[in-house]
Amino acid sequence: MFAPAWDQSKQPDQWKAVADIISQRNPAKIAINTSDLYQFGDGMTLSQYEKFVAALPAPLHARIVSGEALAIRWLETRTPAEMEIYPTLMRMAHRVIGEAFSRSVITPGVTTAEQVQWWYRDRLLQLGLDPWFHPSVGIQRKGAKGMLEGDEVILPGDLLWTDFGITYLRLNTDMQHLAYVLKPGESKAPEGLRQGLANSNRVQDMLTRHFAIGRSGNEVLALTRAEAAAAGLDPSIYSHPIGLHGHGAGPSIGFWDNQKADPRGSGLIAANTAWSIELTNFAAVPEWDGQRVDFRAEENAFFDGTTVRYLDGRQTEIILIPSGQ
């Protein structure tokens, strides 16, 4: 598929061989795989660097630069062929989440959060799919503090959360959805919970509206947070590129533990990139006596340079799980 550049029978020393090739081509810049910011552009070891520099003619040393930008742009760019299959991958993941958050998997009063996690793993084995991280399942409950996990039994009236991602054809998904376990006699989730998800959808809209070529992740974060604050919302934004890696190459837009500018968000947004639009908005729920609830949302999307579109839609309604038979 390609012509080899190194003939070991003629030049047994590959470092000398690569130095000869570079000298013959006499480039203005010699980009190497090093970066002090992104792991995606930092694959050259110290010993490799030392051997490379030792073999390279001294006059060329000043031309050595980091290949960080090349590595990041190559890894973050999604090809037309990849984008033909990516929506199908998202649809598969959505369907598995829909199955997990159903009575076929969850029996209120019996099933634990951890059992749903392991159901995911079993289901992916059946489907021949790989998880790119261990699925998370959590419970928020009226009167309970924080996220309940592990051997906690799922009960009617609980708000369930999942974080789930799969790998297929080298591409990754990463999504978070919410479900509500109906109490006997209920046909929908309480209005306060439904409004909570709607508020997270509003923050998603604000975030994607600020995407622009050449705008840094830090700029998008600041613009979105300012708009959300003006609307009386209380978000935490931690969106990231996705593709060949789950947390992919490219500028991040906030972190769960840092809602201010970060060096990892200094990179510029480019066209033809895929994203996990990941965030939460906190809101007081009247039906839960004003309890502050965490409405996490995450969907995968594609930025074509002009607009951001979700690859298989996004969650706008809380999944309902009946409590009866």
Side-chain angles (χ1 to χ4, degrees), residues 90-124 126-127 131 134-165 175-204 233-236 278-299 312-325:
M90 302 301 172
R91 193 165 302 120
M92 288 192 293
H94 278 154
R95 288 181 178 179
V96 174
I97 291 175
E99 191 176 356
F101 278 168
S102 74
R103 279 304 301 271
S104 66
V105 175
I106 296 174
T107 301
V110 176
T111 308
T112 68
E114 187 174 44
Q115 286 173 329
V116 181
Q117 287 179 271
W118 285 104
W119 175 88
Y120 273 124
R121 300 299 290 262
D122 288 340
R123 187 69 176 116
L124 292 184
Q126 294 168 4
L127 295 171
H134 188 53
S136 296
V137 175
I139 303 166
Q140 292 184 87
R141 179 177 297 157
K142 181 179 179 180
K145 184 177 181 181
M147 193 74 71
L148 308 176
E149 299 178 287
D151 60 1
E152 189 70 33
V153 175
I154 296 169
L155 301 175
D158 285 346
L159 180 68
L160 308 183
W161 157 81
T162 188
D163 190 356
F164 174 66
M175 48 192 64
Q176 297 180 49
H177 281 200
L178 300 173
Y180 176 73
V181 184
L182 293 166
K183 295 179 180 179
E186 285 185 321
S187 59
K188 57 185 179 181
E191 171 61 25
L193 296 182
R194 288 183 280 132
Q195 185 59 52
L197 176 58
N199 288 339
S200 289
N201 289 152
R202 289 179 65 193
V203 179
Q204 288 175 327
L233 299 173
D234 182 17
S236 178
E278 183 179 9
L279 52 84
T280 189
N281 189 76
F282 299 94
V285 176
E287 296 88 348
W288 285 16
D289 299 329
Q291 182 173 326
R292 188 172 185 258
V293 177
D294 186 352
F295 292 92
R296 302 178 187 181
E298 183 175 15
E299 296 288 358
D312 186 46
R314 60 171 172 168
Q315 183 179 28
T316 58
E317 296 183 4
I318 295 175
I319 299 169
L320 299 178
I321 304 173
S323 60
Q325 295 297 326

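These numbers come from the heavy atoms of this one structure, side chains and all, not from hydrogens, waters or symmetry mates. None of the values given here were measured: they were computed from a predicted structure.
Summarising the geometry of M147 relative to Q140, their closest heavy-atom pair is SD-CG, 3.7 Å, with the distance given to 0.1 Å. Listed here is the closest heavy atom pair of L160 and I139: CD2-CG1, 3.8 Å. Nearest approach of Q126 to R123, heavy atoms of both residues: OE1-NH1, 3.0 Å. Residues Q204 and E298 share a closest heavy-atom pair of NE2-N, 4.5 Å.
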Worked verdict on Q195 versus N199 for side chain to side chain donor-acceptor pair (under 3.5 Å): CA-CA 6 Å; Q195 185 59 52; N199 288 339; 3.0 Å; yes

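Applying the side chain to side chain contact (heavy atoms under 4.5 Å, CB included) rule to S136 yields the partners W161, D163; only residues at least two apart in sequence or on another chain are considered. Among residues two or more places apart in sequence or in another chain, the side chain to side chain donor-acceptor pair (under 3.5 Å) test is passed with D158 by R141.
D294 and T280 share a side-chain donor-acceptor pair at under 3.5 Å.
Put simply, CD on E186 and CG on L320 are 9.5 Å apart, with the number rounded to the nearest 0.5 Å.
Below 30°, between 30° and 60°, or above 60°: for Y120 and F164 the angle between ring planes is below 30°, a parallel geometry.
Taking 4.5 Å as the limit, some side-chain heavy atom of V137 sits within range of a side-chain heavy atom of Q117. Residues V116 and T162 have side chains not in contact (no heavy-atom distance under 4.5 Å, counting atoms from C-beta outward). In this structure, the side chains of H94 and E299 come closer than 4.5 Å at one or more pairs of heavy atoms. Side-chain atoms of W119 and I106, non-hydrogen and from C-beta on, never get closer than 4.5 Å to each other.
E99 contributes no side-chain N or O that, together with a main-chain N or O of S104, makes up a donor-acceptor pair within less than 3.5 Å. At distances below 3.5 Å, at least one donor-acceptor pair connects side-chain atoms of S200 with backbone N or O atoms of F295. A distance-only check finds a donor-acceptor pair linking the side chain of N281 to the backbone of D234 [under 3.5 Å]. E287 places a side-chain N or O within 3.5 Å of a backbone atom of G192 that can act as its donor or acceptor partner. Between the side chain of S323 and the backbone N or O of L182 there is at least one donor-acceptor pair closer than 3.5 Å. The main-chain N or O of N201 is found under 3.5 Å from a side-chain atom of R314 such that the two form a donor-acceptor pair.
Within a 6.0 Å radius of CG in D151, other residues, nucleotides and ligands contribute 12 heavy atoms or fewer.
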